[in-house]
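Computed from a predicted structure; not experimentally measured. Excluded from the calculations below are hydrogen atoms, water molecules and symmetry mates; all remaining heavy atoms, backbone and side chain alike, are included.
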Amino acid sequence: MVSLGKWSDPGIPHKGWTCVDIEDLGDPSAICEMCEQQEIRYVHYMQHPDYNSELACGCDCAARMEENYAAAESREKKMKNRSGRKKAWPNLKSWYRSKTGNLTILKDGYRVTIFKKGSGFSAVVSNDFKKFERFARRIYQTEIAAQLASFEVLASQQE
């Protein structure tokens with residue numbers, strides 16, 4: 001007999017869920033908490049007013065839970081596109097070394113600078129027009145790791 005996970009549990013709502021966030025794990029490394037079978041990379045975090053916690057679900061289950069296949073597929077497509085852009089980010093030809101030796105790029109009105117900090121690297125994303133400046137919260141071992149972290153900050157400002 002095949003288990004249907006929480007779909008078989010009459011105490012768990014099957015409809016009326018809302019997606020509150022989506023996350024790219026980088027590779028398929030989690031199991032959908034609704035069907036308890038599907039290995040997932042893109043996690044749709046689902047909430048329901050009659051259920052006391054979020055469920056981390058795959059696209060198919062999320063679509064059924066919110067009864068909106070187009071919305072779930074659209075979210076996942078955006079995450080896949082973002083993943084591709086992030087992968088390409090450190091290799092963009094517009095990165096250059098500033099006079100002080102810092103790796104820098106100007107992108108969509110933002111200046112991203114990767115700089116040496118202690119024994120590693122950090123990043124700052126700024127936009128003078130919007131009076132926005134955000135420093136990375138961590139120190140990264142490599143410039144590439146700091147670049148990837150800066151992509152997340154920049155992407156969050158553009159969404």
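- Closest of all the heavy-atom pairs between Met65 and Leu55 is CE-CD1, 4.0 Å.
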Exercise for review: Please lay out, stage by stage, how Glu73 and Lys78 fare under the test salt bridge (Lys or Arg N to Asp or Glu O under 4.0 Å).
Suggested key: CA-CA 9 Å; Glu73 289 173 355; Lys78 284 179 185 176; over 6 Å; no

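- Atom CG of Asn127 has more than 12 heavy atoms from other residues, nucleotides or ligands within 6.0 Å.
- A perpendicular orientation is assigned to the rings of Phe132 and Tyr110, their planes being inclined by more than 60° (bins at 30° and 60°).
- The existence of a salt bridge linking Glu33 and Lys6 is excluded, since no basic side-chain nitrogen approaches an acidic carboxylate oxygen closer than 4.0 Å.
- By the neighbour-count criterion of 12 heavy atoms within 6.0 Å, atom CD of Glu133 is densely surrounded, having more than that number from other residues, nucleotides or ligands.
- Using a 4.0 Å cut-off between charged nitrogen and carboxylate oxygen, Arg41 and Asp24 count as a salt-bridge pair.
- Note: Lys93 NZ to Asn91 CG = 10.0 Å, rounded to the nearest 0.5 Å.
- Between the side chains of Glu23 and Tyr42, no donor-acceptor pair is found at a separation under 3.5 Å.
- Atom CD1 of Ile144 has 12 or fewer neighbouring heavy atoms from other residues, nucleotides or ligands inside a 6.0 Å radius.
- Taking the charged nitrogens against the carboxylate oxygens, Glu143 and Arg97 do have a contact shorter than 4.0 Å, which makes a salt bridge.
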Exercise for review: Evaluate the criterion side chain to side chain donor-acceptor pair (under 3.5 Å) for residue pair His44 and Arg75; output intermediate values, then yes/no.
Suggested key: CA-CA 9 Å; His44 301 246; Arg75 280 192 306 270; 3.1 Å; yes

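- Pairing each heavy atom of Phe115 with each of Val124, the nearest pair is CE2-N, 3.9 Å.
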**Study point:** side chain to side chain donor-acceptor pair (under 3.5 Å) evaluation trace for Ser126 with Arg134
**Key:** CA-CA 6 Å; Ser126 61; Arg134 180 161 309 143; over 6 Å; no

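- Judged by the 6.0 Å distance and 45° axis criteria, Arg64 is not positioned over the aromatic ring of Trp17.
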Review point. Going through the distances and angles, do Asn102 and Thr100 end up as a side chain to side chain donor-acceptor pair (under 3.5 Å)?
Key: CA-CA 6 Å; Asn102 295 327; Thr100 57; 3.1 Å; yes

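- Closest approach of Leu103 to Trp95, counting heavy atoms only: CG-CE3, 3.6 Å.
- At most 12 heavy atoms of other shown residues, nucleotides or ligands fall within 6.0 angstrom of atom NZ in Lys117.
- Within the 4.5 Å cutoff, side-chain heavy atoms of Met46 are placed close to those of Glu66.
- A pairwise comparison of heavy atoms in Ser122 and Ala146 identifies O-CB, 4.0 Å as the closest pair.
- Annotation: the span from Lys86 atom NZ to Met79 atom CE amounts to 8.5 Å, rounded to 0.5 Å.
- Note: the hydrophobic cluster containing Tyr45 also contains Ile40 (ILVMFWY, side chain heavy atoms under 4.5 Å, direct or indirect links).
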